[in-house]
Amino acid sequence: MGGKLFRNVSFLSATLSFFILLGIFVILFHYAQDAMHTFGWDFLRIDQWEPGEDDEGGMFGGVIPIVGTLLTTLIAMVIAVPLSMGIAIFLTEIAHKNLVKPVGVAIELLAAIPSIIYGMWGLFYFAPIIQHTFGGNGVGLLTAGIVLAIMIIPFMAAITRDAMNTTPPVLKESAYAMGATTFDVVKDVVMPYAKGGIIGSIILALGRALGETMAVAFLIGSVLKFPSKITDPTTSIPVLLANNFSEAQDLELSSMYLLALLLFVVSFIIISLAKFYFLGRSAK
Amino acid sequence: MSTQPLSQFETTKETTEETTKQKDVMRVESLTYTYPGAPKPSLHAIDLPIRRNKITALIGPSGCGKSTLLRAMNRIHDLYPGNHYEGRILLATPEGREMEDILEIKKENDLIRLRQRVGMIFQKPTPFPMTIFENVAYGLKLSGMKNKSDIEERVVTALQGSAIWKETKDRLHESAMGLSGGQQQRLCIARAVALKPEVLLFDEPTSALDPISTGAIEELIAELKKEVSIAIVTHNMQQASRLSDYTAFMYIGDLIEYNKTSKIFLNPDQKLTEDYITGRFG
Ligand SMILES: Nc1ncnc2c1ncn2[C@@H]1O[C@H](COP(=O)(O)OP(=O)(O)OP(=O)(O)O)[C@@H](O)[C@H]1O
Ligand SMILES: [Mg+2]
C-alpha cells in the first residue's frame, strides 16, 4: 500500500522534472523564433547588439558573448583542473591524516559560498592585483577567469577527492609492494581507478563555469567588444542577459532567448555527458 | 651501514656455492611491533626464521598477528606513519653470505628496493586497472627496466611460471579486470614473480577462491619454492600441512611454537598448539 503510494509520488516527481526541463526548452525555443528567422546562422557571426530606431528591428548577434563565455571558461578550467587534481591528490595520498579532515571541511565550505561574494571579493581585492601585475584596467577576461577558477576549484577538488578515496587501500598497497613510489601509485593506480569520477567532476565544473552569472558580471567588464588581449574587458552570455533583460523588447528580447537557448543546449549536453560518466561508473 | 648491499640489487648473481649461503633467507629476531596510536604492541618479541627455498606457514586464530608479522617483513606497514618496531628483521644479502637488518632502512629508495626483493600477495586479487601484460610488466618498469624485448621475455616467463600463460596468451592486451578471481590471483603472483624476488609473502592467498582455483594456486606455490623462499598465512589447516615445510603457530601476538610442519601437526610441544590444530578453539 505505502509502497504503491511512494512509487506513484516518485514517478510523478521524476516525470515532473522531465516536463520542467522540456518546458524550459520549448519556451526558449518558442520565444527565440523571431530572432532565428531574422538572423538565422548569422546570429553566430554578428558582433553587434544594437536595437533599431524606435525599438523596431535592430542588429543582434551572439558571437561576442559566446566567445567571452568560452574564453572565461577556458581560462578557469586551465587553472582549476591541475590545481584541483593537486589538492585531491594531496588530500588522499600525501597529507597527514590530522590535516585531511580540517582541509576537507574547509574545501566543502568554500564550495558552498554564494557566487556574488566571490564577485565582490574579486572586484574589490583581486581586480587591483591583476591590474597591478598584468596591466589593463582590472576587470576583464583574466580577472573573471581566475575568480571563476577559484570558485570551481573547491567543488572539483571535493568530487575528485571522493572519487580517489574509492580506490581500495589494498590495491594501492600492492602497487607499493611492487616497489612503486607515491607518484607511481597516483599515476598508475589511483588516477585510472578514479578516472570516471575525475572526468565527471571536470564536466560538472565546466557546466558551472559556463553558466556562472553573478561573479562574472562583477568582473568581466560587461562591454560588447572582442577582447584583443587577455586583460581586456568583454562580456559573456549570462552577463549580457542579466544586464539587458529588464529593458529589452521584441527582436532584442527574442535574440536574448536565442542566446539563452544556446547556453541551455551547451550546458545540457555537458551535464548529460557528466551524468553518463557517473552512471557508466556505477553500473560497472 | 647495513643498508649498503641493498643498493647493489642490480648486480645480483646466482651463486652456485650453495654451502656458503645462509640457511635462512630471513630471520625475525625478538620483533615487537606497535601500530600507530595503539596503546599496546600487536606482536611481542617474535623470533622466526624463514628457511631458504622452503615454505613456512603461519597459522593461528583471527587477530593473533599473522598479517601484522607478514607486513613487517616488507615494511609495508611504513605506508602508515607512526608505528614502532623493536628488535631486528634480518634479510640475507643477494649473495646470501651476510644478513642485514631491514628495520635499519631509512631511505625511501631502499625501502622500494626491499619491496621488490620481498614480494607480497594479498588475500583478494588486486589486478591494477591496466592490461594483463602491463600488470606483469609494471614492476619491471618500476625497477628501471627499459628494453622492450627484455621486458616481454620476463613477462612471458613469469606468466608461464605462474601457470596462467595458457589462459592469457591470446588476451595479453585486454584488461586484467576481465579475468576470473583465481586467474587474477595467479596474475598477481606472476606480477610478483616477474621481479625475481628472494622472498614471497602470501597473506591468505586462496581464502577468496573456490577449491579448484585454490588447488591451482597451491600447486603453483609448491612449484615456486624452487626459486624463492615463501611465507604463507593460512586459516586452512590442510593447506598448511599439505604445502609447508615449517609451521609457526601464533596466539595473541606471541609466537607459541615453530617447528617442522610434520612435528607441529603430529606431535606439537605446546598444549595450545594441539588445541588449535585439532580445532578445539579458533
Ligand atoms: N591498523 C591497525 N591499527 C591498530 N591495530 C591493528 C591494526 N590492524 C590490526 N590491528 C590489531 O593487530 C592485531 C593483529 O591483527 P592481524 O591483522 O595481524 O591479525 P591476523 O592474525 O592477520 O588475523 P586474521 O586471521 O583475521 O587476518 C589485532 O588485534 C588487530 O586488532
Ligand atoms: Mg590477516
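Residue numbers begin at 1 in each chain, while the letters A, B, ... track the order of the sequences. Quick note: numbers below take in every heavy atom, side chains included, and nothing from hydrogens, waters or symmetry partners. Keep in mind that this is a model prediction, so the values were computed, not measured.
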Exercise: identify the closest heavy-atom pair between B:M120 and A:A177: CB-CB, 4.1 Å

Nearest heavy atoms of A:Y176 and B:R115, plus distance in Å: O-CD, 3.3 Å

Is it the side chain or the backbone of B:P127 that comes within 4.5 Å of chain A heavy atoms, both, or neither? backbone

OG1 (A:T181) and CD1 (B:I112) are apart, to the nearest 0.5 Å, by 5.5 Å

Listed by number, the residues in residues 100-109 of chain A that come under 4.5 Å of chain B (heavy atom to heavy atom) are none

I'd like to check the ring pair (Phe, Tyr, Trp, His ring centres under 6.0 Å) partners of A:Y118; sequence neighbours left out, ordered by chain and number. none

Closest approach of A:L171 to B:P129 (non-hydrogen atoms, all atoms of both residues): CD2-CD, 4.3 Å

Kindly state each residue pair satisfying salt bridge (charged side-chain N to carboxylate O under 4.0 Å, His left out) with at least one member in residues 123-145 of chain B, sequence neighbours excluded. none

Give me the atom names and distance for the closest heavy-atom approach of A:M178 to B:L195. CE-CD1, 3.7 Å

Under 6.0 Å from the CZ atom of A:F268, do we count more than 12 heavy atoms belonging to anything else shown? no

Is it true that, when you exclude B:M177 itself, more than 12 heavy atoms of the residues, nucleotides or ligands shown sit nearer than 6.0 Å to its CE? yes

Residue pair A:D188 / B:F128, side-chain heavy-atom distance below 4.5 Å: no

Heavy-atom side-chain proximity of B:R71 to A:E173 below 4.5 angstrom: yes

Contacts of A:E93 that satisfy salt bridge (charged side-chain N to carboxylate O under 4.0 Å, His left out) - sequence neighbours left out: A:K172

Closest heavy-atom contact between B:T126 and A:V170? CG2-CG2, 3.8 Å

If you define the side chain from C-beta out and look only at heavy atoms, does anything of A:S174 sit under 4.5 Å from B:R191? yes

Ranking B:L201, B:I121, B:I76 by heavy-atom pairs under 4.5 Å to chain A gives rank one to B:I76

